[in-house]
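This report concerns only the one structure given below.
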Amino acid sequence: MSGTQKHIPVMLREVLEHLAPADGKVYVDATFGNGGYTQAILEAADCKVIALDRDPNVKARAEELKSIYGNRFEFRAGQFGDFADLVSEGIDGAVFDIGVSSMQLDNKERGFSFSKEAPLDMRMSCAGTSAADLVNSLSEKELADIIYKYGEERKSRQIAAKIIAARKTKKISTTTELVDIIHSVVKKSPASPIDPATRTFQALRIAVNNELGELESGLEGALSCLNPNGRLVVVSFHSLEDRIVKSFFNDNLGKPKAVSRYMPQVAAETAARISSCSKAILPQDDEIASNPRSRSAKLRFAIKI
């Protein structure tokens with residue numbers, strides 16, 4: 001992956017504003033990708049950035065930044081769900097960009113996008129179980145549950161049934177084969193710019209990469225590593241992710257929580273770990289116009305107590 005590849009970091013202005021890089025501090029870019037956040041943080045202050053990523057294709061870009069910033073930059077291969085294992089030192093801030101990077105989407109061989117025919121892969125780490133493995137091995141109920149839970153697709157059962165029927169004749173191995181199956185159930189609407197296959201592809205990608213489980217583990221690991229007054233910034237792209245981030249921040253504010261619907265006056269006081277957190281911050285109109293992929297982004301940040 002070349003550093004000259006077009007890649008626009010989503011909500012970069014807001015990330016820098018709320019991460020607030022400062023000289024002599026240490027930050028973690030938990031989703032390195034093409035290094036957009038990392039480079040901007042390193043340019044904003046005389047600080048150090050530790051970058052994490054499980055995608056082996058980012059190695060060349062990491063080496064490029066290492067040659068520019070020397071000891072101020074360090075790359076550690078691994079998934080951000082293992083944050084606590086990858087980062088043992090105290091840090092002053094961490095940023096997560098949850099979702100698929102532009103490079104992954106634009107590389108058709110990775111199978112993340114259905115706009116071009118490609119192997120049905122979707123593995124961020126390029127290893128392990130692929131989307132094709134799931135589509136061709138899971139039961140009808142398991143497929144329907146994944147598509148409904150992670151894609152919020154109302155016709156998940158019909159799509160799962162069509163997948164089962166199709167794979168009896170031939171193994172489903174490409175993105176276009178799966179798209180045709182989905183379109184046979186959910187028709188494209190001229191009134192909507194969003195292809196109905198989007199929800200099913202999102203669901204399979206989340207399942208293949210255990211994205212929601214990784215997010216929960218990554219947030220916990222990051223908060224544990226933060227120094228006092230350290231900042232945690234998260235950019236998410238759909239409601240399932242944002243819900244996890246919002247709940248995690250609220251749970252760690254230390255507010256009283258009702259323990260019984262029948263006894264609302266009985267509450268348990270949770271130990272506060274963060275002093276404040278934001279509501280969802282949306283991208284500005286000019287960014288959406290120049291980078292349409294940012295339109296569904298939401299940023300939330302919290303400060304450790």
Next on the checklist: In this structure, would I288 and I8 fall into the same cluster of hydrophobic residues linked by side-chain contacts under 4.5 Å?
Outcome noted: no
Verify the cluster assignment for L253 and F249: are they in a single hydrophobic cluster under the rule of side-chain heavy atoms below 4.5 Å apart? yes
* Do the rings of F96 and F80 sit parallel, tilted or perpendicular, given the 30° and 60° boundaries? -> perpendicular
Does a side-chain heavy-atom distance below 4.5 Å link V186 with E153? yes
Residues pairing under salt bridge (charged side-chain N to carboxylate O under 4.0 Å, His left out) where one sits in residues 23-32, two or more places apart or in two chains, turn out to be none
Side-chain heavy-atom pair E220, R273 within 4.5 angstrom cut-off
yes
Heavy atoms of F73 and K66 approach each other most closely as O-NZ, 3.0 Å
Heavy atoms of A160 and E140 approach each other most closely as CB-O, 3.5 Å
inquiry  = Do L212 and L219 sit in one hydrophobic cluster, given that two such residues count as connected whenever their side-chain heavy atoms are within less than 4.5 Å of each other, even indirectly?
reply    = yes
For this session: Determine, for K59 against D53, whether the closest basic-nitrogen to carboxylate-oxygen distance falls under 4.0 angstrom.
Result: no
Check: R123 main-chain N/O paired with D121 side-chain donor or acceptor under 3.5 Å
yes
Sub-4.5 Å side-chain heavy-atom contact between L204 and L178: yes
Between the OG atom in S217 and the CG atom in N210, the distance rounded to the nearest 0.5 Å is 7.5 Å
(message) Does any part of the side chain of M124, heavy atoms only, come nearer than 4.5 Å to the side chain of E211, both counted from C-beta?
(response) yes
Value for OG (S189) from CD1 (I194), rounded to nearest 0.5 Å, stands at 10.5 Å
Side chain to side chain contact (heavy atoms under 4.5 Å, CB included) between E142 and L134, worked out | CA-CA 9 Å; E142 288 171 325; L134 295 185; over 6 Å; no
Shortest non-hydrogen pair, E117 vs T175, comes out as CA-OG1, 3.5 Å
Self-check item: Y27 (side chain) donor-acceptor with T38 (main chain) under 3.5 angstrom
Solution: no
Of all heavy-atom pairs linking I281 and H18, the shortest is CD1-NE2, 3.5 Å
Sequence neighbours excluded, the answer for side-chain hydrogen bond (donor to acceptor under 3.5 Å, both in side chains) partners of R54 is Q79
Residues A203 and I146: closest non-hydrogen pair is CB-O, 3.5 Å
Do any N or O atoms from the side chain of E241 and from the backbone of F237 form a donor-acceptor pair under 3.5 angstrom? yes
| said: Please check if the number of heavy atoms outside K141 that lie under 6.0 Å from its NZ is greater than 12. | reply: no
One pair to check against side chain to side chain contact (heavy atoms under 4.5 Å, CB included): N250 and C277. What are the steps and the verdict?
CA-CA 8 Å; N250 286 336; C277 63; 4.0 Å; yes
Value for OG (S275) from CD1 (I303), rounded to nearest 0.5 Å, stands at 5.0 Å
Apply side chain to side chain contact (heavy atoms under 4.5 Å, CB included) to K149 and I206, showing your working.
CA-CA 10 Å; K149 180 179 180 181; I206 289 173; over 6 Å; no
**Request:** For E287 and M11, indicate whether the former's side chain and the latter's backbone hold a donor-acceptor pair under 3.5 Å.
**Result:** yes
The side-chain contact (heavy atoms from CB on, under 4.5 Å) partner of Y37 among V235, L16, V49 is V235
Residues I274 and A302: closest non-hydrogen pair is CD1-CB, 3.8 Å
Point to revise | Any donor-acceptor pair under 3.5 Å from N209 side chain to M122 backbone | key: yes
With sequence neighbours left out, the residues meeting side-chain hydrogen bond (donor to acceptor under 3.5 Å, both in side chains) with T198 are none
I'd like to know if the side chain of K304 and the backbone of L223 have a donor-acceptor N/O pair within less than 3.5 Å. yes
Within a radius of less than 6.0 Å around CZ of R76, do more than 12 heavy atoms belonging to other residues, nucleotides or ligands occur?
-> yes
Interatomic distance, CZ@R154 vs CD1@I147, rounded to 0.5 Å, equals 15.0 Å
**Message:** So F301 and E14, do their side chains get closer than 4.5 Å, heavy atoms only?
**Reply:** no
Value for CG (D145) from OG (S156), rounded to nearest 0.5 Å, stands at 7.5 Å
**Q.** Worked check of side chain to side chain contact (heavy atoms under 4.5 Å, CB included) between R199 and I182
**A.** CA-CA 10 Å; R199 294 184 291 272; I182 298 167; over 6 Å; no
dist R167:CZ -> S137:OG (nearest 0.5 Å) comes out at 7.0 Å
Contact between V58 and F75 at the side-chain level, heavy atoms closer than 4.5 Å - yes or no?
yes
Residue pair E177 / I181, side-chain heavy-atom distance below 4.5 Å
no
| message | Is there a continuous path of hydrophobic side-chain contacts, each under 4.5 Å between heavy atoms, that joins V185 to Y148? | response | no
query = Hey, does the side chain of R295 reach the backbone of P292 with a donor-acceptor pair shorter than 3.5 angstrom?
reply = yes
Report task. Check for a donor-acceptor pair, side chain of S67 on one end and backbone N or O of E64 on the other, with a separation under 3.5 Å. Result -> yes
- Message: Quick check: is L282 connected to V233 through a chain of hydrophobic side chains (ILVMFWY, heavy atoms under 4.5 Å apart)?
- Response: no
The residue among E43, E74, K48 that forms side-chain hydrogen bond (donor to acceptor under 3.5 Å, both in side chains) with Y69 is E43
task: Give a yes or no answer on whether the side chain of S294 reaches the backbone of A297 with a donor-acceptor pair at less than 3.5 Å.
output: no
Within the distance-only criterion (no hydrogens, no angle test), does the side chain of D242 pair as donor or acceptor with the backbone N or O of S239 below 3.5 angstrom? no
Is there side-chain contact between C47 and I41, with heavy atoms separated by less than 4.5 Å? yes
So does R13 pair up with D286, basic N to acidic O under 4.0 Å? yes
